[in-house]
Amino acid sequence: MKYIILAVIGLIIAIAGGIYLAQLLYYKKNGVMIKAEVVKISEIKKRTILWMIGSIFAGMFKYGKKTDSYAHTMRYELNGKTYEEKDREGYNQPFDVGSVHCILCDPKKPSRFKFEAGINSSIKLVSVLVAFGILFAVRFFILAPK
């Protein structure tokens, strides 16, 4: 029974990765590539698990660090309209204000976009995740006692 459960977990991972991979390939194939300028940078601060544990057991643990990421407001023009939208990726290092980057916009909803460089690396990473999920599932379906 535990082999079947592990195989199903592998299938769930492969399916979730496949859905995300389909979204990335949609952007890659149908997305409109344009150059966008960074207009504004805002910092996003989150607390880590160590910070939460440290606040609960203040005497036993040191407080954890904040993890910082940056959201960039991008300005771009598509079909005669100018858009200023925040990215959803949250980079660890901020881009310079005024720098220009290639983005892929969703042709149906031009306010949604992804960075081209991020899509290329994510496609490779998610493809490996899906492959390992499938291998994991196949391995445990084969090992399952009959």
Side-chain angles (χ1 to χ4, degrees), residues 2-141:
K2 70 179 179 181
Y3 290 126
I4 299 295
I5 292 171
L6 289 172
V8 170
I9 290 171
L11 281 177
I12 291 171
I13 290 170
I15 290 170
I19 291 170
Y20 185 58
L21 184 62
Q23 180 190 20
L24 291 172
L25 291 174
Y26 170 79
Y27 270 99
K28 185 76 173 170
K29 183 180 179 187
N30 298 327
V32 179
M33 185 185 295
I34 35 181
K35 295 197 182 269
E37 178 185 4
V38 177
V39 178
K40 180 180 151 188
I41 300 170
S42 55
E43 189 174 2
I44 302 169
K45 291 188 178 188
K46 298 177 189 170
R47 301 284 184 185
T48 61
I49 296 293
L50 286 177
W51 180 83
M52 290 178 215
I53 292 171
S55 64
I56 295 169
F57 304 105
M60 298 173 69
F61 296 100
K62 292 186 176 182
Y63 288 93
K65 296 191 306 186
K66 299 175 198 171
T67 55
D68 297 325
S69 59
Y70 299 92
H72 304 89
T73 304
M74 308 295 286
R75 180 184 299 144
Y76 54 94
E77 188 174 325
L78 183 66
N79 299 330
K81 288 186 178 180
T82 302
Y83 296 91
E84 276 193 25
E85 299 292 333
K86 274 190 177 181
D87 69 351
R88 299 178 185 188
E89 302 196 16
Y91 284 97
N92 291 337
Q93 297 292 324
F95 296 142
D96 295 328
V97 173
S99 63
V100 177
H101 301 275
C102 289
I103 61 171
L104 291 168
C105 289
D106 187 348
K108 296 176 184 171
K109 295 180 183 175
S111 61
R112 300 183 107 184
F113 68 90
K114 292 191 179 286
F115 289 99
E116 182 194 17
I119 287 180
N120 292 335
S121 62
S122 294
I123 286 174
K124 294 173 189 170
L125 183 67
V126 173
S127 298
V128 170
L129 174 77
V130 169
F132 276 114
I134 291 170
L135 287 174
F136 192 81
V138 168
R139 178 185 186 275
F140 284 109
F141 272 134

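Quick caveat, the model's predicted, so the values are computed rather than measured.
Nearest approach of Pro110 to Leu78, heavy atoms of both residues: CB-CD2, 3.5 Å. Between Lys86 and Ser42 the shortest heavy-atom distance is NZ-OG, 3.5 Å. Here the closest heavy-atom approach between residue Val38 and residue Asp96 is recorded as CB-O, 3.6 Å. When all heavy atoms of Val32 and Pro107 are compared, the closest pair comes out as CG2-CB, 4.3 Å. Heavy atoms only, all atoms of each residue included: Pro94 and Tyr70 are closest at CD-CE1, 3.5 Å. Counting all heavy atoms, side chain and backbone alike, Glu37 lies closest to Gly98 at OE2-CA, 3.7 Å.
No side-chain heavy atom of Cys105 sits less than 4.5 Å from a side-chain heavy atom of Met33. By the 4.5 Å heavy-atom criterion applied to side chains, Tyr76 and Thr82 are not counted as neighbours. Considering only heavy atoms from C-beta on, Tyr83 stays 4.5 Å or farther from Phe113 through its side chain. No side-chain heavy atom of Lys114 sits less than 4.5 Å from a side-chain heavy atom of Ile103.
Sorted pairs that involve residues 121-131 and meet side-chain hydrogen bond (donor to acceptor under 3.5 Å, both in side chains), not counting sequence neighbours, are lacking altogether.
A search for side-chain contact (heavy atoms from CB on, under 4.5 Å) contacts involving Val97 returns Ile41, not counting sequence neighbours. Scored by the side chain to side chain donor-acceptor pair (under 3.5 Å) test, Ser99 finds His101 as partners (sequence neighbours excluded). Applying the side-chain contact (heavy atoms from CB on, under 4.5 Å) test to Leu11 and every residue at least two apart in sequence or in another chain returns Ala137, Phe141. In this structure, the salt bridge (Lys or Arg N to Asp or Glu O under 4.0 Å) partners of Glu84, at least two apart in sequence or on a different chain, are Arg75. In this structure, the ring-ring contact (aromatic ring centres under 6.0 Å, His included) partners of Tyr3, at least two apart in sequence or on a different chain, are Phe140. For the side-chain contact (heavy atoms from CB on, under 4.5 Å) test, residues two or more places apart in sequence or in another chain that qualify with Lys35 are Val100, Cys102.
Within the 3.5 Å criterion, the main-chain N or O of Phe95 finds a donor-acceptor partner in the side chain of His72.
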Counting only pairs under 3.5 Å, give me each side-chain donor-acceptor contact of residues 12-28, with atom names and distances, residues two or more places apart or in other chains.
residue, atom, partner, partner atom, Å
Tyr26, OH, Asp106, OD1, 3.0
Lys28, NZ, Asn120, OD1, 2.6

